[in-house]
Protein chains: 2
Amino acid sequence: MDELDSALLRLLQQDGRRTNRDLAQELRIAPSTCLERVRSLRERGVLLGFHADVDLPSMGRGLQAMIAVRVRPPTRAVIEQFQAFVARMPEVISVFVLTGTDDFLLHVAVRDTDHLHSVVLDKLTERKELADVRTSVVYDHLRKTVIDPV
Amino acid sequence: MDELDSALLRLLQQDGRRTNRDLAQELRIAPSTCLERVRSLRERGVLLGFHADVDLPSMGRGLQAMIAVRVRPPTRAVIEQFQAFVARMPEVISVFVLTGTDDFLLHVAVRDTDHLHSVVLDKLTERKELADVRTSVVYDHLRKTVIDPV
DNA sequence: CACAATGGCCGAATATAATTCGATGGAGCG
DNA sequence: CGCTCCATCGAATTATATTCGGCCATTGTG
């Protein structure tokens, strides 16, 4: 994990489709070296993968919300069961399993407020283990690249 | 936005580095057609970009937390100023701007609990506009692909 | 200090993929 | 029924990824 690795991770987080040649040129190394570095980062598990980022409104999911959920009882079995359940919901795009007051934070992307309402009332509150739900609409979501402190 | 576009978005969300030939073969279309489809999705703004996914523990950021923040007064000026501030913090990897009780949800990745403590006490609570903070440690974070209902 | 071993890097050669573009044919329309 | 339009196609071209043998520089060793 030297400066070269950090630089590669930074560039690939910004644009996961930059060509190997292009990366090599920017970092002033040979393409073969660059390729080997990226392969090594993958093999070491530092670089987990590459993903396309889609525009939610274009997919008919113009409304995002965060749903804080508390389950009861907060046992391993109940938590794992609930996690498996929400992971199957198409409206859920990300699940945070938490300590603290809430057990889960669900990041959902839905069509509109009716859809959001239906997700909370028809899908979530139907679950017997669900103890508490608080929904917040997301106005804006800013994602950043992770920078290596090295 | 037909089934072909949806399939492409699904595949590219799963693996943003699949080759065009590979995608074309799976979808039973010509590579040139596949390329044109992807180009169109980009031009229409449906496909926003491609990003590498890094392993946070490998980057010395093995601890994640969600920090709920309320600012005072909750005016546009204060909110925008605070958003700009947290966007600059290297520990913050994602910022949600919310309605409801909390104004912000900060997804942070830090070295350890000392680091987390220092982020909250030394960086956040130093801000005069900050009215309330609640920190929850993230045990697990599951990301999903967005599936087009079409 | 001399020397061998190691590992990262390089560049040329090869394999593979992206990209272009003219041709084709089916869908929609007059 | 014939015309136009446009998505799709495949071949040709261009660009890129990948391999691999050799070359330092660094490190460890007698």
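Keep in mind it's a predicted model, so treat the numbers as computed, not measured.
Atom CD of B:E36 and atom P of C:dT20 are 10 Å apart (whole Å). Spacing between atom CG of B:N20 and atom P of D:dC9 amounts to 12 Å, rounded to whole angstrom units. Protein atom CG of B:L41 is 13 Å distant from nucleotide atom P of D:dA7, rounded to whole Å. If you measure from atom CG of B:L27 to atom C1' of D:dT8, you get 14 Å, rounded to the nearest angstrom. Here C:dG7 presents its P atom at 16 Å from CG of A:D2, a figure rounded to the nearest Å. Between the P atom of C:dA17 and the CG atom of B:D22 lies a distance of 8 Å, rounded to the nearest Å. Note: CD1 (A:I29) to P (C:dG11) measures 11 Å, nearest angstrom. The distance between atom CZ of A:R28 and atom C1' of C:dC10, rounded to the nearest whole Å, is 17 Å.
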Please evaluate residues B:L56 and B:I93 with respect to the criterion side-chain contact (heavy atoms from CB on, under 4.5 Å), reporting the C-alpha separation (whole Å), side-chain torsions for both, the decisive distance (0.1 Å), and the verdict. CA-CA 10 Å; B:L56 293 172; B:I93 59 180; 4.1 Å; yes
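Contacts of B:R18 with the nucleic acid, taken as non-hydrogen atoms under 4.0 Å apart, are absent.
Using bins of under 30°, 30° to 60° and over 60° for the plane-to-plane angle, the ring pair A:H141/B:F96 lands in the parallel bin.
Across C:dC9, D:dC9, D:dT18, the shortest atom-to-atom separation from the side chain of A:R37 is found for C:dC9. Side-chain proximity of B:L35 to C:dC9, C:dT19, D:dA17: nearest is C:dT19. Taking only side-chain atoms of B:R21, from C-beta outward, the nucleotide of C:dT20, D:dT16, C:dA17 with the closest atom is C:dA17. If you check D:dT16, D:dT19, C:dC10 against the side chain of A:R39, the one that comes closest is D:dT19. Proximity note for A:S32 (side chain, C-beta onward) versus D:dA17, D:dC20, C:dT20: the nearest is D:dC20.
For a distance-only test at 3.5 Å, the side chain of A:T33 fails to qualify as a donor-acceptor partner of the base of C:dG8.
Closest-nucleotide positions on DNA chain C for A:R17 and A:C34 were compared, and the one nearer the 5' end corresponds to A:C34.
The structure places CZ of B:R42 at 13.0 Å from CG of A:D55, a figure rounded to the nearest 0.5 Å. Interatomic distance, OG1 of A:T135 versus CD1 of A:I67, reported as 4.5 Å (0.5 Å rounding).
For the pair A:R127 and A:F85, the cation-pi criterion (under 6.0 Å, within 45° of the ring axis) is fulfilled.
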